[in-house]
A.B. asks: 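Dropping a structure here in structure tokens format, bear with me for questions.
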Amino acid sequence: MSVVGVNKTGFNAAAGTVKFVISGETLDTAPGSVLVLHNNTKVPDGALEVSSSEVTLPSITEEGLNEFTLIARDSKGLGITYETRFWAGSQSLLVQVVDQGNQPVSDAAVTIRLNDDQSVSAQATSTGGQATFDNLPDRTFILEAKASGNRFASLAAIIGDSPKLVLRGFDPPSAVDNNDFSQGTNGWNLDTDGDGKAPVEIAPHVEGSIGSLPAGAATPPRLERRPGFIAPAPWTRAATAPQADDMDLVLNTSGEGPQSISRTFTIKPGTKNVTVRYRFITSEVPGGYFGTKYNDYFGVSIRSQKGGGAALERNSMNGLGLAAFDAGGATAWREQDLPVDEEGDTIQVDLTVANVADDLLDSQVVVDIVEEKKLAITKLQLNDINNQPLNYLSASAHTYFGGNTRIHGTITVEGAEDDSLTSLELEVLEGGAVVARANLAAGVRGTLLTAFGDDEKVEVSNSQLLFELPSAQAAAVNQQNNGNLTLRARAKSQNGEEATEEFGAVQKLVRYTGANRYGGRDEGVGGDDWVKPSVRTVIEHFAGLTWGDFSNMNGGPFPPHQTHNDGNDADGWFNGYNARDAATAQTIIGHLNDATYGSRILTVYVTYQQANGNAFWEAIRNVTLNDGRQARDVIRPLGGHTTHFHWIVSE
């Protein structure tokens, strides 16, 4: 099945049409056989246009996030469930693109990214120094522009702004060797835009949390924004002691809008990788303004002049999420890595931090060090046990595979000829902080933990078991709340160098450990105990039920099921279910009418006939649930469910 008429990774027009297309099978078009939920609300049957191969919903998309669930069956009686999500809007944003002389630039590649989900983006080419983006929701966006000569610009914007992207080229490289700030700000350009020195200071390094809330405060107090208000610095009570022999560079905001600085230098011979280690600090978090329009922004970029490569992070307070910050408003230390041409190159590091929507509560980008390394992770692909791209990670204590969550994949690590790889691990980050570490699998240690040699690299080029996450480590992941985990490989060499490469975000799955289970646990593929945390909460709430299959380790295909691959599905049973009679129906209706979690059960699959005289059907056909849904829309007929029911649970 597919959805047409929408762009899942772009911006769609509000009031647009959505069309689901069935391939390989014929859709059952009987009245009531197709159910569509839009943002967890049933779409009226009269608004659906149903044929044997398509389900069309005219003029339905709303401003903002649109989530659709299609529940139907094919002509053979097999269930069809399909979910999709995308963003839509009715706003426009005109973006200016200029060079450092404030002259319009044409033919620049301009990208706009949704700050809520940076995988959602749109592209345009500037004409006469302008680019326009349409169909935008009223949210915060990250703008980027790239042009010839590896010129680059980035900033944050909201609807109603008049954003100007100023493309920056490469400054002349500095002869000052000061990537560790031992010489203060020497070698850094503190006036990149020609309007005066940026607010920069050199301060002793603080490795851990920068502080905590005032004594007795349960939540950050909201500071009053008013004319003449002077914002305090972030909380510093219980700050980690500074390290006087290790200095950091601190770029501050000053008034509304961005502040930027840069450093340009020539890499040393044999350098394969340039790394910047940094953190973002904002007074908006202890100020109590997380989630508001005061969404302060930062950017860190590394560019190579010869190779034309770039590595960057551009993000904001809301984009990172509240869990990314300590109580003083600081993130954990972060890293950006750029592979470079070891024969020589000119590198420019650009830093930006901006007050958004006002000039009151300040923010900072703090840089620990800029490092030149001969070690680099140049390729990384992570897969599930079926060698499909990894989208979920099972992160709870368990006993499968000797108590390890298995992660497959491929990797290439490059290093100096006279060096060797001594360790390689996979870091699991939650809220920007490392919460768990996966070990290199025994079967690939001999291939990877060895000298780089004449090829100056070690690699696993065919997908196989690559990392194992021990139960004790996995248990450190937050077990209560849904969310993404970021996976990052970290390599260390005999010569003392380190390199990282980020794979990206995966959704967490946790284990259901209740004793009320039936059937085998599919130990050969990592058990079938895995659900999203919010789904587990629903499952644990209902008494008197016995549970079977959820999802396998790391999600993914789970034959013979067509679903059960994302932590939202649960097979269950209760005494008397197999009769599938009126009493069975009443029990299921009782579940759906549960005041706490009944409305979270989107679908119940049961094998029955929607025919006069069928006791189960007669018991549900005219029932309105407590939340206003029709029981017949939720309790769906599907073959293969004579001895168990199947729930699809919303997050």
Side-chain angles (χ1 to χ4, degrees), residues 113-118 137-143 154-161 163 198-201 203 206 208-214 217-240 248-261 278-300 313-334 351-367 430-433 483:
R113 301 181 190 277
L114 182 70
N115 192 59
D116 300 76
D117 181 354
Q118 292 194 32
D138 190 8
R139 312 294 290 185
T140 304
F141 302 94
I142 305 296
L143 295 168
S154 176
L155 57 81
I158 58 176
I159 298 298
D161 282 352
V200 175
E201 59 184 307
V206 176
S209 171
I210 67 163
S212 60
L213 293 176
T219 58
R222 174 157 291 190
L223 303 175
E224 183 182 356
R225 307 180 102 98
R226 61 186 185 274
F229 170 63
I230 299 176
W235 303 114
T236 55
R237 187 190 301 268
T240 305
D248 292 345
L249 181 146
V250 182
L251 172 63
N252 296 281
T253 54
S254 179
E256 186 173 357
Q259 296 290 335
S260 299
I261 63 173
Y278 59 96
R279 75 196 313 181
F280 175 56
I281 305 175
T282 178
S283 300
E284 300 284 358
V285 168
Y289 283 90
F290 176 82
T292 70
K293 67 179 181 179
Y294 307 109
N295 187 21
D296 286 4
Y297 158 86
F298 73 96
V300 176
E313 180 180 17
R314 54 276 180 273
N315 220 318
S316 67
M317 172 181 65
N318 295 344
L320 289 170
L322 187 58
F325 297 91
D326 65 22
T331 69
W333 289 100
R334 310 168 78 83
L351 310 176
T352 299
V353 66
N355 269 333
V356 176
D358 74 354
D359 60 357
L360 298 181
L361 297 180
D362 287 329
S363 297
Q364 304 169 330
V365 170
V366 183
V367 179
E430 188 168 24

A.B. asks: Assess whether side chain to side chain contact (heavy atoms under 4.5 Å, CB included) is satisfied between Val300 and Phe280, documenting all intermediate values.
C.D. replies: CA-CA 10 Å; Val300 176; Phe280 175 56; over 6 Å; no
A.B. asks: Specify the closest pair of heavy atoms between Leu320 and Phe298, including all atoms of both residues, with the distance to one decimal.
C.D. replies: CD1-CE2, 3.8 Å
A.B. asks: Minimum heavy-atom separation for Ser254 and Pro199, please, with both atom names.
C.D. replies: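 Ser254 and Pro199 have their closest heavy atoms at CB-CG, 3.8 Å.
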A.B. asks: Grab the two heavy atoms, one from Val206 and one from Arg279, that are nearest each other, plus how far apart they are.
C.D. replies: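 Smallest interatomic distance, heavy atoms only, reads O-NH1, 3.1 Å.
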A.B. asks: Can you tell me how far CG of Leu251 sits from CD1 of Ile261, rounded to the nearest 0.5 angstrom?
C.D. replies: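 With rounding to 0.5 Å, CD1 (Ile261) is 5.0 Å from CG (Leu251).
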A.B. asks: Got a donor-acceptor contact below 3.5 angstrom from the Asn295 side chain to the Met317 backbone?
C.D. replies: yes
A.B. asks: Do any N or O atoms from the side chain of Arg334 and from the backbone of Tyr278 form a donor-acceptor pair under 3.5 angstrom?
C.D. replies: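 Absent.
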A.B. asks: Distance alone, cut at 3.5 Å: any donor-acceptor contact between the side chains of Glu256 and Asn355?
C.D. replies: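 The answer is no; no qualifying pair exists.
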A.B. asks: CG of Asn115 to OH of Tyr297: how many Å apart, nearest 0.5 Å?
C.D. replies: 9.5 Å
A.B. asks: Can a donor-acceptor pair be found, under 3.5 Å and without considering hydrogens, that links the side chain of Asp161 to the backbone of Pro163?
C.D. replies: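 Checked: no pair found.
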A.B. asks: Can you list the steps and then say if Leu249 with Val200 is a side chain to side chain contact (heavy atoms under 4.5 Å, CB included)?
C.D. replies: CA-CA 7 Å; Leu249 181 146; Val200 175; 3.9 Å; yes
A.B. asks: Might you work through the side chain to side chain contact (heavy atoms under 4.5 Å, CB included) test for Gln259 and Val365, ending with a clear yes or no?
C.D. replies: CA-CA 10 Å; Gln259 296 290 335; Val365 170; over 6 Å; no
A.B. asks: Check whether the side chains of Tyr294 and Thr282 place a donor and an acceptor atom closer than 3.5 Å, and report yes or no.
C.D. replies: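 Not at all, the side chains of Tyr294 and Thr282 share no donor-acceptor pair under 3.5 Å.
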A.B. asks: Just so I know, are the side chains of Leu155 and Thr352 near enough to count as touching, which here means a heavy-atom distance under 4.5 Å?
C.D. replies: no
A.B. asks: Would you compute the distance between atom OG1 of Thr253 and atom CD of Gln364 and round it to the nearest 0.5 angstrom?
C.D. replies: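 Rounded to the nearest 0.5 Å, the OG1-CD separation comes to 7.5 Å.
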A.B. asks: With rounding to the nearest 0.5 Å, note down the distance linking CD in Gln118 to OG in Ser316.
C.D. replies: 7.5 Å
A.B. asks: Looking at every heavy atom in both Leu361 and Gly287, which two are closest together, and how far apart are they?
C.D. replies: CD1-CA, 4.2 Å
A.B. asks: Counting distance only, does the side-chain N/O of Ser283 pair as donor-acceptor with the main-chain N or O of Asp362 below 3.5 Å?
C.D. replies: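 Yes, Ser283 side chain to Asp362 backbone: donor-acceptor pair under 3.5 Å.
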A.B. asks: Could you go through the side chain to side chain contact (heavy atoms under 4.5 Å, CB included) check for Val367 and Leu351 one step at a time?
C.D. replies: CA-CA 9 Å; Val367 179; Leu351 310 176; 3.5 Å; yes
A.B. asks: I'd like to know if the side chain of Asp248 and the backbone of Ala203 have a donor-acceptor N/O pair within less than 3.5 Å.
C.D. replies: no
A.B. asks: Atom CD1 of Ile158 and atom CZ of Arg139: how far apart are they, to the nearest 0.5 Å?
C.D. replies: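 Between Ile158 CD1 and Arg139 CZ, I get 12.0 Å after rounding to 0.5 Å.
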A.B. asks: Might you point out which heavy atoms bring Ala156 and Ile142 nearest each other, and give the distance in Å?
C.D. replies: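 Nearest pair, atom of Ala156 first, then Ile142: CB-CD1, 4.2 Å.
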A.B. asks: Nearest 0.5 Å, please: how far is CG in Asp296 from CG in Asn318?
C.D. replies: 9.5 Å
A.B. asks: So which atom in Phe141 and which in Leu114 form the shortest heavy-atom distance, rounded to 0.1 Å?
C.D. replies: CE2-CD1, 3.8 Å
